[in-house]
Amino acid sequence: MLSYYIKLGLKRLGETPVLTLLILMAMALGIAVSVTMLALHHAMAYNPAEEKSGRLFAVQLAAYGNDMETWGEEDGLPIQVTHRDAMNLRESTIPLRQTPMFRMALTLESHRQDMPPSADFVVRVADRDFFEMFGVNFVYGGPWDKTIDLDTARVAVINQSVNEYAFGGGNNVGKILLMNETEYRVVGITEDSNPLPRYYDLTSGAYPITPDSVFIPYSLAPQLESFPNGNISGWAAEPVNEFADLLQTEFVWQVYWVELPDAQAVAAYRDYLAGYVDQQQQLGRFQNGQARGHIRDVQQWLTYNRVIKDDNRVMVGLSFMFLLVCLVNTVGLLLARFLRRMNETGVRRALGASKLQIFQQYITEVSLLGLLGGGAGLLLSMVGLWGIRSLYTQYATIAYLDATMVAAAVAISLASSLIAGTYPAYRVCAAQPSLFLKAQ
Amino acid sequence: MLEMQSINKIFTTDLIETHALRDFNLEVEEGEFITVTGPSGSGKTTFLNIAGLLEPFSSGRYSLDGQDVSQMSDNDRSRLRNQKIGFIFQSFNLIPDLDLFDNVDVPLRYRGFPAKERRRRIMQALERVGLAARANHLPAQLSGGQQQRVAIARALAGEPKFLLADEPTGNLDSLMARQVMELLEGINREGTTIVMVTHDPELALRSQRNIQIIDGQVSDFSSAPAAVEPLV
Ligand SMILES: Nc1ncnc2c1ncn2[C@@H]1O[C@H](COP(=O)(O)OP(=O)(O)OP(=O)(O)O)[C@@H](O)[C@H]1O
Ligand SMILES: [Mg+2]
């Protein structure tokens, strides 16, 4: 019977092209707007840390001068820490894992012929725990030895893209990578991964295009000669002539993460931070009245940094209101469409169709409209997302439809068509058939 | 075949109540060909719609082919309609955007026959009414008489026991009317019970029995066709 209903439905869609087009446009527009907003929200609200989200905490310190009202974010906490504080925090044994981090732009050289040097790869400077904490998967080798975090060595972990660029792929653990004319020994090769939003370092945008491609030990920081290419901010006017100076100042330019596996560890770490602040005050730093330490887990961190915004939810809500308005229009158009065929319905009833069969026939037709409208809506939302990507560069990497969103779009359009079609189909099948069989 | 006892049908609209059938009693035997006459608005169509399970009635008892239909669900009534009843209307009521083949197909679809069986029955029914060659034409391409014959083919395709016709010749000229009437008589000879509403006294005379409905009731005068002088 379904194939009969589909055949009839398709025939009818083609017979009234104008009305069909109007209905399709109403549905497609509503679906496009809501799917576009939903896709954007879905990408922006995504938390790549997933099940580790509650164990990973960003550390903040209000560590600035006495004469300042407030500094950093609205709550008086900057989102980065100084190198000196990072070095001190590293000494705590409370976190299961921990790492400071910042990013640099170094010029890589390839061993392959005709490959020009490249500064397109992002170099992340971090401790060994980084890989475990942020779920980096190794293809060859592994992270550097724990001892290197203390004693340092010129080693590097590279991702597949760099491996391809520098060596042409394959297992190149043990080989030498040249960066800024300095030799680094490759110890591990990871999969390419580009978690968005880049929750562990939001200082250069939540949705960067370039993945972190080279990782070198944080213990190398004193030996690095070029400046980091992330955010650097300070509250005191300190002279900085070269990179080594930066290490000694009160400028904040690193992000600090700790992994605290349970509530006990969280409480212990909070105590530790309070103690650290006291100690620094006694040493003459942290002279502000607000001086304190603070930790936030990934979800809180994303919200705090306004990566996840309430506005987005409001926008999604509004877009679904718009869909509803489109659907109300669709109900009217469908009713007009179906009522025009009441004579046929009366005939079908007289010839033995049950109310349910009539309902099914019309709902099938509406579902076809829904699928077509959904398909058109999906295309429109691709156009919409393309528009968003070109208008708002900050969304350039995430304003896309993934498989979940395509599935959601299909579900939304089917649900929409059922919502819009149920009442008209019910009206038609519940009508008294003899009324429409009278002599004309 | 059909047995109605004290059927009442009251239409209630916002303004008025219309007693379309009142204490309506009728028995139709299997194989009969009955014509129904009566003044306009007397309740003929209402009777036919109730007989064909298209319309509920307010009170009374109605059994069709031995089954009491008053308590039946919509599904059961639809199935009964589909399997045992054929309808023919004054205005043909073909579905305009379906060709003849698909029009005749409609009741067979709800019957659930396989495609091959449907095709056989459709072509057989169209042959019977002399329109097999036009199976792929649209209704609008046919004359009124031809359209009514398609409607008859559609009613016949499911081989119903009971054919209900509401002024089937009302829109046709006398030649075409006679053609349709002869078709119906042939169908009746094969055993199908027919109830036909008509305004045409000549046709009423040709049937085995004529009943007259006046003011929602079977009039006392109705009986043998010869005795009837129908109102037009
Ligand atoms: N759906 C309805 N709602 C209200 N009143 C109705 C309805 N259908 C029929 N009636 C009324 O019931 C009465 C009988 O109508 P019906 O159509 O059965 O007459 P009829 O004998 O078939 O007339 P005609 O010869 O003109 O076809 C009429 O008074 C009519 O107005
Ligand atoms: Mg009538």
Side-chain angles (χ1 to χ4, degrees), chain A residues 1-20 334 336-365 368-369 422 425-440, chain B residues 9 11 20 40 45-56 72-99 102-112 115 118 151 154-155 157-158 160 164 166-168 170-171 197:
Chain A
M1 239 12 216
L2 183 63
S3 66
Y4 182 54
Y5 298 146
I6 290 175
K7 187 181 130 192
L8 283 173
L10 288 175
K11 187 171 166 60
R12 267 59 197 268
L13 296 189
E15 277 171 3
T16 50
V18 176
L19 193 53
T20 301
L334 285 175
R337 182 190 185 86
F338 290 175
L339 290 179
R340 273 196 347 195
R341 297 212 302 263
M342 272 317 292
N343 178 255
E344 170 184 340
T345 305
V347 173
R348 287 183 182 277
R349 294 278 284 138
L351 297 177
S354 65
K355 284 181 185 175
L356 183 66
Q357 284 170 319
I358 295 293
F359 185 79
Q360 286 166 342
Q361 180 193 335
Y362 283 102
I363 275 295
T364 306
E365 185 171 330
L368 289 173
L369 273 168
T422 301
Y426 168 76
R427 268 289 295 275
V428 170
C429 82
Q432 179 61 44
S434 56
L435 282 179
F436 302 94
L437 292 167
K438 298 255 147 104
Q440 295 133 341
Chain B
K9 174 69 184 179
F11 289 108
S40 186
T45 298
T46 304
F47 152 67
L48 223 51
N49 284 340
I50 290 174
L53 311 178
L54 267 185
E55 201 147 13
M72 273 188 182
S73 70
D74 175 66
N75 255 334
D76 291 340
R77 266 184 285 132
S78 298
R79 189 172 315 119
L80 203 59
R81 211 158 49 225
N82 186 239
Q83 294 177 356
K84 298 199 170 159
I85 302 171
F87 274 100
I88 301 165
F89 309 93
Q90 180 177 356
S91 53
F92 323 138
N93 278 324
L94 299 176
I95 299 173
D97 62 341
L98 299 184
D99 64 17
D102 285 342
N103 262 289
V104 179
D105 191 23
V106 171
L108 304 181
R109 288 281 185 170
Y110 297 114
R111 191 76 165 265
R118 282 189 283 114
R154 181 174 66 184
L164 299 170
D166 196 354
E167 301 185 44
N171 283 359
V197 171

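Just so we're on the same page: letters track the sequence lines, and every chain starts at 1.
Looking at B/R77, neither its backbone nor its side chain comes within 4.5 Å of chain A, counting heavy atoms on both sides.
Here CG of B/L53 is found 12.0 Å from OG of A/S434. Values are rounded to the nearest 0.5 Å. The distance from the OH atom of B/Y110 to the CD1 atom of A/I358 is 4.5 Å, given to the nearest 0.5 Å. Note: A/L351 CG to B/L54 CG = 9.0 Å, rounded to the nearest 0.5 Å. Rounding to the nearest 0.5 Å places CG of A/N343 at 7.0 Å from OG of B/S91.
The closest donor-acceptor contact from the side chain of A/K355 to the backbone of B/N75 lies at 3.5 Å or more, if one exists at all.
With contacts defined as side-chain heavy-atom distances shorter than 4.5 Å, the pair B/L98/A/L8 qualifies. No side-chain heavy atom of B/V106 sits less than 4.5 Å from a side-chain heavy atom of A/E344. Between A/Q432 and B/P56 the shortest side-chain heavy-atom distance falls below 4.5 Å. Looking at heavy atoms from C-beta onward, A/S354 lies out of side-chain contact with B/R79 at the 4.5 angstrom threshold. Looking only at side-chain heavy atoms (C-beta outward), A/R348 and B/I95 come within less than 4.5 Å of each other. Contact of the A/L437 side chain with the B/N93 side chain is registered, since non-hydrogen atoms from C-beta on lie closer than 4.5 Å. A heavy-atom distance below 4.5 Å is found between the side chains of B/D74 and A/R349.
Scanning both residues, A/A350 and B/R81, for their nearest heavy atoms gives O-CG, 3.4 Å.
The pair B/D97-A/R341 does not count as a salt bridge, with every side-chain nitrogen at least 4.0 angstrom from each carboxylate oxygen.
The neighbour count for A/F359 CZ, taken as heavy atoms of other residues, nucleotides or ligands under 6.0 Å away, is above 12.
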